[in-house]
Structures are given as structure tokens and as C-alpha cells.
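Data first, discussion second: the structure below is written as C-alpha cells.
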Amino acid sequence: MRSLDDLLAEGVSGRRVLLRADLNVPLDKQTREITDDGRIRASLPTLQALRDGGARVVVAAHLGRPKGAPDPQFSLAPVAARLGELLGSTVPLATDVAGEDAKAKVAALADGDVLLLENVRFEAAETSKDDAERRELADRLAALADLYVDDAFGAVHRKHASVFDVAERLPHAAGRLVARELEVLTRLTTDPERPYVVVLGGSKVSDKLAVIEALLPKVDRLLVGGGMCFTFLAAQGHGVGKSLLEADQVDTCRRLLAEAGDRIVLPVDVVCSPEFSADVETTVVPVDAIPDDQMGLDVGPRTVELFGTTLGNAGTVFWNGPMGVFELAPFQDGTRGVARAVSAVAGLSVVGGGDSAAAVRVLGLDEDAYGHISTGGGASLEYLEGRELPGLQVLADGSGL
Ligand code: ADP
Ligand code: MG
């Protein structure tokens, strides 16, 4: 796989570089303001290096899940504005992805300039399962540039036109962010420092069963919190009230507990409330006493202590998924406590997952205290499962043209 430095060494001055970046940031539903610009900031090192090299940078990115057609709600306009602020120079936004406006704006670029293309998912072909459809879009994207750099780690597990097909059409290299993510994931999968502790949370256990299965044989401890812990608690025979429960996964969780129960650590107490709301009375109960009419929305203080003790002597930690509904103030403490314990780990600590990374920042924790905060949740989980990631495969294939 060619690195950005390889590309820079060959010289990018005056060349048009299509940079696939991951700028998929959360926006406030009402004001459309960016609530966490972590992904934009994470894309800056590669962008800046290309500019410094005199490249004409054409950035392709997606935002949210528009339905394959232009939709102002998903415009990258707020991202272009923020990117411009961070770079200290205006970043124009093309009104289309790879159409007439994009072509005209690319033609107008000077060395060191940056242009952002409109949300690639405004083109249905971007995510199409039909190879011919994706390739037609990839042809148009490739025509905008001379070189391709993929720095969108959060999208490398997708076989999308701007991630996969376009890399087959242009000389390519991996950006700094992709390189860094790969370095860290390699450390997690090759001989991690022991004890190796994985903390999983988030909402759905079904989303993460594959990674649980893949990780269980490799970890010393798997700590489970978040909404997914209730399916495990149900598998142990506890009533979980109105908490998130995936009834069809209970048997699988029961099997996992039978196979590796000594390594799986579940919460001992939970924060309950009668409804999903920010101003509601909460109670902390032991896991065997969750009232029928309440839902568990965070792990309790004794669980934070238990998880903290297990994390205390960890040599390597991977954490994915908030411990509770951290978006609501009454249910933040579990995530904050575990986030603190993860950050205090002396060995390598890695946070993976969009919401987990956002939680670190939103809850006011020190980002620098972690070994690495991954920008790609799905991508890092699929990597840890041992799956082939199309976006990485295509970068590794061939000579980079
Ligand atoms: P990540 O993006 O880090 O991989 P997920 O997307 O899997 O994390 O999960 C994040 C979501 O899980 C958050 O929106 C959070 O509110 C939700 N969540 C955490 N704990 C619970 C719970 N007990 N009940 C319902 N939802 C929960
Ligand atoms: Mg998420």
C-alpha cells in the first residue's frame, strides 16, 4: 500500500488530487450546526500535506444517509464552512458531486487550493450494488483528478464508488489517517499487551455479535454495558423491565455466556427511569431488581467501579459503544466513568465508534489521554472481526497504478 509520503515524494505540485475524506459529522437537528467536528479535524493532516505540496485538492465526502438524490438537509455546506475556518482559507463547495459545477470549479483551482464536492450520496450510484452504476460515477469522479488519496477510514468497509471503484481508476495512496488507524488496529490484532480488555456498549447487541464472537477467544476480559447488556442479563434469567431487549438474541447470548462466561463481565447495577427523557426521576437498582415498568438507561456506580478495577491493570484496551444514553444528562455517568478508566490505562487504549468518540469529546474528557480515538466505528469493528475491507483491499492491490 502506497503512503501519502510516497506520493508526496513523487511530487503532487499542480496535480489534481481526489481526496476521499470522512467528514460525516453530527449536526444539530434544529440549527444544522456541527455538534462535534472531530472528523473534520482528523482529516486536516492529510489535507494540509497535500496543499503544502502544491496539489489542487478535490475532496469527496458523504454526510448522513440521503436517499440517493440531492437533499438540502444533507448538504455539506456547514462542513465546507467549518473546514475553511480550520484551514484558514475559504473552501468552495460544488453544487453537484461530479457534474458540470464540479468540473468548472476543479478547472478554476490553483495550486494549494481545496474544493469540496457536494455529498457523494446525492448520487444513488455511490452506494449501488450494481457494479456498472458505481463505475459510471467512479469514471466521472476519476475524470476530476490525476491522483486518488483515501483518508476516509470510516468508509473503508464500504464497497462504494468513491471508496472502491475510483481507486481502480487512478494512481492511489492511503492518507495519514488511514495509515494511523491501520497501525493501531494491527497492534490490537497482533500480540496485544496483556491483559487485553475490550469494553463494548451501544444500543444493539445484534450489531456487535460478530465482533463479540471474533474477539472472545482473543481477549482476557470483555466488559459489556450499554443497551446491549440487557439481552445478556435476560440470558442470565434477569427481568429487564422496559429496557432495550433483543429477544431473538437471548439464546446466542446464553451460549456465549456458557462458552466464555469467565471472561464476560456484565453490569451489577443499572440506572433506571420510567421513560426516555432528560428530566425524569432516576433510581439505581441491582441488576436482579429492575422494575417491570422501568428501563435501564445507564450502568450504575458499582458497575463503573467494577469495570474500572478490571481496566486498572489492562495492558491493552479497546472500547466501543457508550455505557448508557449519554446524550441525556441523567444517563452520562456510566460512560464518563468508564471513559475515565479507559483513559487512565497505562498501555495502549483505543476508542472506536462514532458515538463513543463523540462521547469522549461531549463529556469533556481529554482526548490526548487516549492512545488512539478511531474515527471509524463500523470499519474498526469489521477489521477486528477479521473481515476484508474493500477500501483497504483496493489500496493494497497493484502498484497504486
Ligand atoms: P458507536 O457509534 O460508538 O459504535 P453505537 O452506535 O453502537 O456506538 O451506540 C450508541 C448509542 O447507544 C447511543 O446513541 C446511546 O444512547 C445508545 N445507548 C447506550 N446505552 C443505552 C441503553 N441502555 N438503552 C438504549 N440506548 C442506549
Ligand atoms: Mg453509532
Side-chain angles (χ1 to χ4, degrees), residues 22 24-27 29 35-36 38-39 64-65 153-155 157 181 198-212 215 223-234 238 240-246 249 266-278 280 282-285 287 290 294-300 303-304 307 317-339 342 349-363 365 367 370 372-385:
D22 179 6
N24 189 25
V25 289
L27 299 181
K29 282 184 191 70
T35 52
D36 174 32
R39 281 182 165 159
R65 293 176 185 264
F153 180 75
H157 58 315
E181 297 269 7
V198 170
V199 191
L200 289 181
S203 43
K204 288 165 82 187
V205 72
S206 50
D207 281 353
K208 302 194 179 170
L209 269 178
V211 75
I212 293 176
L215 286 174
L223 315 183
V224 181
M228 63 193 273
C229 75
F230 298 101
T231 306
F232 279 95
L233 292 171
H238 296 301
V240 298
K242 294 195 292 171
S243 310
L244 205 65
L245 173 71
E246 287 177 88
Q249 306 297 338
L266 296 175
V268 290
D269 58 350
V270 293
V271 181
C272 284
S273 100
E275 57 184 302
F276 199 97
S277 151
V280 59
T282 64
T283 40
V284 177
V285 298
V287 289
I290 301 173
Q294 302 232 348
M295 56 182 96
L297 294 175
D298 195 9
V299 298
T303 302
V304 171
F307 285 9
V317 175
F318 174 72
W319 168 39
N320 166 271
M323 294 292 103
V325 182
F326 75 97
E327 297 92 337
L328 303 178
F331 312 106
Q332 291 182 341
D333 292 349
T335 302
R336 187 184 281 111
V338 167
V342 170
S349 57
V350 181
V351 183
D355 291 291
S356 317
V360 163
R361 292 185 277 263
V362 171
L363 300 180
L365 292 140
E367 289 179 69
Y370 298 87
H372 181 66
I373 299 181
S374 176
T375 53
S380 44
L381 291 177
E382 287 196 18
Y383 185 98
L384 293 175
E385 278 169 42

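Every heavy atom of this structure was used, including side-chain atoms; hydrogens, water molecules and symmetry mates were not. Indexing begins at 1, ligand by ligand and atom by atom, following the structure's order.
Within the 3.5 Å criterion, the main-chain N or O of Val285 finds no donor-acceptor partner in the side chain of Asp269. With Thr375 contributing its side chain and Arg39 its backbone, the two residues share no donor-acceptor pair below 3.5 Å. Proximity of a side-chain donor or acceptor of Asn320 to a complementary backbone N or O of Gly352 within less than 3.5 Å is detected. Counting only distance, with no hydrogens or angles, the side chain of Thr335 and the backbone of Gly324 share a donor-acceptor pair below 3.5 Å. Of the possible donor and acceptor atoms, none in the side chain of Gln249 sits under 3.5 Å from a partner among the backbone N and O of Thr231.
A heavy-atom separation below 4.0 Å is found between Gly226 and ligand 1. Under the 4.0 angstrom criterion for non-hydrogen atoms, Leu297 is in contact with ligand 1. Assignment of Phe230 to the shell around ligand 1 is supported, since a heavy atom sits closer than 4.0 Å.
Atom SG of Cys272 is separated from atom CE of Met295 by 9.5 Å, given to the nearest 0.5 angstrom. The CD atom of Gln294 lies 8.0 Å from the NZ atom of Lys242; values are rounded to the nearest 0.5 Å. Atom CD in Glu246 sits 10.5 Å away from atom CZ in Phe232 (nearest 0.5 Å). Atom SG of Cys229 and atom CG of Leu223 lie 12.0 Å apart (nearest 0.5 Å). The CG atom of Leu384 lies 12.5 Å from the CD1 atom of Ile212; values are rounded to the nearest 0.5 Å.
Ranking protein heavy atoms by distance to atom 9 (O) of ligand 1, first place goes to Gly202 CA, 3.1 Å. Ranking the protein heavy atoms by distance from atom 12 (O) of ligand 1 puts Ser203 N, 3.2 Å first. Looking only at heavy atoms of the protein, atom 6 (O) of ligand 1 is closest to Asp355 OD2, 3.0 Å. Nearest to atom 19 (C) of ligand 1 among the protein's heavy atoms is Gly324 O, 3.1 Å. Here the protein heavy atom with the shortest distance to atom 25 (C) of ligand 1 is Val325 CG2, 3.8 Å.
Close contacts between ligand 1 and Gly353 involve ligand atoms 1 (P), 2 (O), 3 (O), 4 (O) [criterion: under 4.0 Å to a heavy atom]. Close approach to Gly321 involves these atoms of ligand 1, each under 4.0 Å from a residue heavy atom: 3 (O), 8 (O). When each atom of ligand 1 is checked for a heavy atom of Pro322 under 4.0 Å away, the hits are 3 (O), 8 (O), 9 (O), 10 (C), 19 (C). Of all the atoms in ligand 1, the ones that sit under 4.0 Å from a non-hydrogen atom of Ser356 are 1 (P), 3 (O).
Residue contacts with ligand 1: Gly296 is placed with a nitrogen or oxygen under 3.5 Å of a nitrogen or oxygen of the ligand (distance criterion only). Annotation: Gly227 places an N or O atom under 3.5 Å from an N or O atom of ligand 1; distance criterion only.
With a 4.0 Å cut-off on non-hydrogen atoms, Glu327 touches ligand 1 through its side chain and not its backbone. At a heavy-atom cutoff of 4.0 Å, ligand 1 is contacted by the side chain of Asn320 but not by its backbone. Residue contacts with ligand 1, taken as heavy atom pairs separated by less than 4.0 Å, involve Lys208 solely via side-chain atoms from C-beta onward.
Per residue Asp355, closest N, O or S atom to the Mg ion (ligand 2): atom name OD2.
Contact annotation: the side chain of Leu328 never approaches that of Leu297 to less than 4.5 Å [non-hydrogen atoms, C-beta and beyond].
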